Every structure is written in C-alpha cells, then in structure tokens.
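Step one of this worksheet: look at the structure below.
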Amino acid sequence: MSTVVLGSANRDLVYRVERIPSPGETVLAGHATAVAGGKGNNQATAAARSGAKVTFIVALGTDEPGDRLAAEATAAGITLQERRVTEPTGTAIITVDDNGENAIVVDSGANRLLETLNVKETAAIAAADVLVLQLETPLSAVIAAANAANAASTTVVLNASPIQPLPAELLACVDVLIVNEHEARHLAAHTHRIQTQHGDENDLASALSKLGPAVILTLGPRGAIVCVPGEPPALVPGRNVTALDTTGAGDTFCGALAAALDQETNRALDLGTLVRAAEFATTAAAISVQRHGAVPSIPTLEEIRHFHSVN
Ligand code: RIB
C-alpha cells in the first residue's frame, strides 16, 4: 500500500503576535521562528507519520531552505521525487495570534514551476493506492496527476485549498474532495452556482457531493461532515482540545485521512470507510492544534492511538 502526494513545500516564517494586524497597522511579534511547511509537504508528512508509505513529488530551489526541507522530509520517512529548479524554495509568512488563528501569505517560488509530470512521476502515481493533491502548485500538473491516477484506479483525494475554480476534467477524476466551510461556500456559489440555505452545512456538503466525489467538509473544532453522493451526511464530532496554533491542522487532517484510506484493504469509498478515516484524521488534527508550527505539530501514529486510548 502506498500514497503519493504531489504539491508544495515552503519554508514557513512564523511570527507570534497578540493579534493579526489590520490593513495599515504594524504589530510587534513576541516570537519568530522558521519551520518546514507548505500544504503538500504538511500532507505528505502527516500521511507518513500516520503510517503510510509516502512518495512526495515536489519542486524545490537549489538553496539552503530546499536542502533543509528535503532532509526533513527524508528523515520523516518520505521518498522524495524532487526537482531542483531555478526559482528559490517557496516561503510562507505566517502570523499566529493569541487565539491560535493565523493569516498566511505565500511566495510560491519553486512551487510555481511544478507544471508538468515526468515519466517517473506518472509511473509512481499509477503504482500508488492513494494520490493526494492540493492547489498550491499549478493546476496543469494537478490535472495531469489526477488523470494518471484515474486511469490506474488510484484513489484521488483533493484538498481544494487555496480555493480556485475546479475544472470539470479535474472534478471527474476526484474520489474524495476535502474543503473547509469557506472553500465549500466559494465552490458552491462562485464556481458551480449551487444554491444552499445559508448556514446549513449538511445542505452545503450534500449539494457539493452532487458534483461527483464524496465530500468531507471540515468544521475546525466542531469536526467534519462526511457526505457520500445519494446518502444523508454524517457528522464526525471534533475533539475537545484547546487550540494553540491552527497552522497546518487542515493539512494534518488530509494527510492522516489519506493514510487511513491507504490502510483499508477494501478501499470502496462508502460512508462507513470515510467516517472511520475522518475520525482518525480529526484526532490527528486535534493533536496538531495543541502545538506550534505546521510540520513540527504533526503527530505520529503512536500519538494518535494514545489520544484515542485516553479520550
Ligand atoms: O496550510 C498551512 C500551510 O499553508 C503553511 O505551512 C504554509 O506554508 C502554507 O502553504
């Protein structure tokens, strides 16, 4: 069993502030640090720490941050299919406030050159059981990867973040679509002109599931709604924890969910299978929000199991 993640890697420059500055405002950081991040890298790390055998297709610069990200991913047990490119390694500027909320600006750098797939990358996707995608790298390679996976019956998990319109060609290849509430409303309203009752999350998840894939709507501390086309939505409740830093929590959820699906011997994506995977992923995300940073906050399989045994 194996999982391939295609996506971004960033060096996260994290500033802890009392509150996130408003436009025109300057605030002083109480603490600043640089850690590994990037949605693809976070999801690959979460899948690997959750027990999956992970290959990560990524573009890095020929620079010290690129070397450091590659070394950390390898140390996490990830097999890298990296390309070193002329642009510098991606950077994210992240402010985290006293409530654990964040605001992020990404300078994509090398990530924006991940535009096409080579033969080796396509073969790795075709040989995998699960492919995990996000939208922080160019859509052209995301679509190529989804098509390669679809042709080989590899399960495709798409985290539509940062949100953008999803072409029909991509949606047709996706088995599981993971979105937060903001992304779901944006997709529903702006891309697919779906009318939903304001505030009704079940309605929103059901409406999106009519696009084809199973939908997982993440609700932060309240958990997640799992919706399989044609069935009533199921709520996976959140875990009762105090959030210190929510950076990368959504990525932890996606990577852990992919690992849980990868472990299923019968990977039929029925409601029961997805709810079990979402329960595991919700626990992983709940552990991550109690720690600082993206990659440094992602729990191991042992930590996830321990949380289950004491809660
Ligand atoms: O989802 C969190 C991630 O978004 C951060 O690690 C940052 O690099 C940006 O990609």
Side-chain angles (χ1 to χ4, degrees), residues 5-17 20 32-49 56-61 63 65-66 68-70 72-73 76 78 87-97 100-114 132-139 141-142 157-164 178-184 186 216 218-221 224 243-258 281-282 284-299:
V5 179
L6 175 134
S8 58
N10 295 327
R11 176 172 182 248
D12 286 357
L13 303 178
V14 186
Y15 300 91
R16 272 192 251 154
V17 292
I20 294 167
T33 179
V35 297
K39 294 188 192 304
N41 191 32
N42 299 340
Q43 294 179 13
T45 304
R49 289 193 184 154
F56 181 30
I57 300 171
V58 61
L60 300 168
D63 48 21
R68 190 180 284 253
L69 286 170
E72 284 192 30
I78 295 167
E87 291 271 330
T89 296
T91 303
I93 309 291
I94 304 179
T95 47
V96 181
D97 72 13
E101 296 297 338
N102 62 59
I104 304 180
V105 177
V106 175
D107 176 10
S108 295
N111 296 305
R112 73 168 70 88
L113 297 184
L114 186 48
V132 183
L133 300 165
Q134 340 70 39
L135 301 176
E136 220 171 35
T137 51
L139 210 45
V142 170
V157 177
L158 172 67
N159 175 215
S161 180
I163 192 65
Q164 59 174 282
I178 305 176
V179 279
N180 66 24
E181 198 175 344
H182 159 75
E183 292 153 355
H186 191 283
I216 300 185
T218 58
L219 303 172
L244 198 62
D245 180 356
T246 56
T247 311
D251 300 329
T252 301
F253 182 97
C254 294
L257 183 112
T282 298
I287 297 171
S288 80
V289 301
Q290 297 175 78
R291 303 167 175 173
H292 284 292
V295 163
S297 72
I298 297 169

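In this text, all values refer to a predicted model and were calculated from it rather than measured experimentally. Counting convention: from 1, in listed order, for ligands and their atoms alike.
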[atom]: nearest protein contact (heavy atom, Å):
atom: atom 2 (C) of ligand 1; answer: Asp251 OD2, 3.3 Å
atom: atom 3 (C) of ligand 1; answer: Asn42 ND2, 3.7 Å
atom: atom 7 (C) of ligand 1; answer: Asp12 OD1, 3.4 Å

Using atom types as modelled and distance alone, determine if a side-chain donor or acceptor of Glu72 lies under 3.5 Å from a backbone N or O of Leu69.
no
Give the contacting part of Asn41 toward ligand 1: side chain, backbone, both or neither, where contact means a heavy-atom distance below 4.0 Å.
neither
For the NE2 atom of His186 and the CD atom of Gln164, what is their distance to the nearest 0.5 Å?
10.0 Å
Close side-chain approach of Leu257 and Ile178, heavy atoms under 4.5 Å
yes
Enumerated ligand 1 atoms positioned under 4.0 Å from heavy atoms of [X]:
X: Glu136; result: 4 (O), 9 (C), 10 (O)
X: Gly37; result: 6 (O), 8 (O)
X: Ala294; result: 6 (O)
X: Ala92; result: 7 (C), 8 (O)

side-chain hydrogen bond (donor to acceptor under 3.5 Å, both in side chains) with Asn111: which of Thr89, Asn10, Thr91?
Asn10
Neighbour count >12 (heavy atoms, 6.0 Å) for atom CZ, Arg291
yes
Has ligand 1 got any nitrogen or oxygen that is less than 3.5 angstrom from a nitrogen or oxygen of Lys39?
yes
Gly38, any N or O under 3.5 Å of ligand 1 N or O:
yes
Hey, are Asp245 and Thr247 close enough side-chain-wise for a donor-acceptor pair under 3.5 Å?
yes
Among all residues two or more places apart in sequence or in another chain, which pass the side-chain hydrogen bond (donor to acceptor under 3.5 Å, both in side chains) test with Thr246?
Asn102
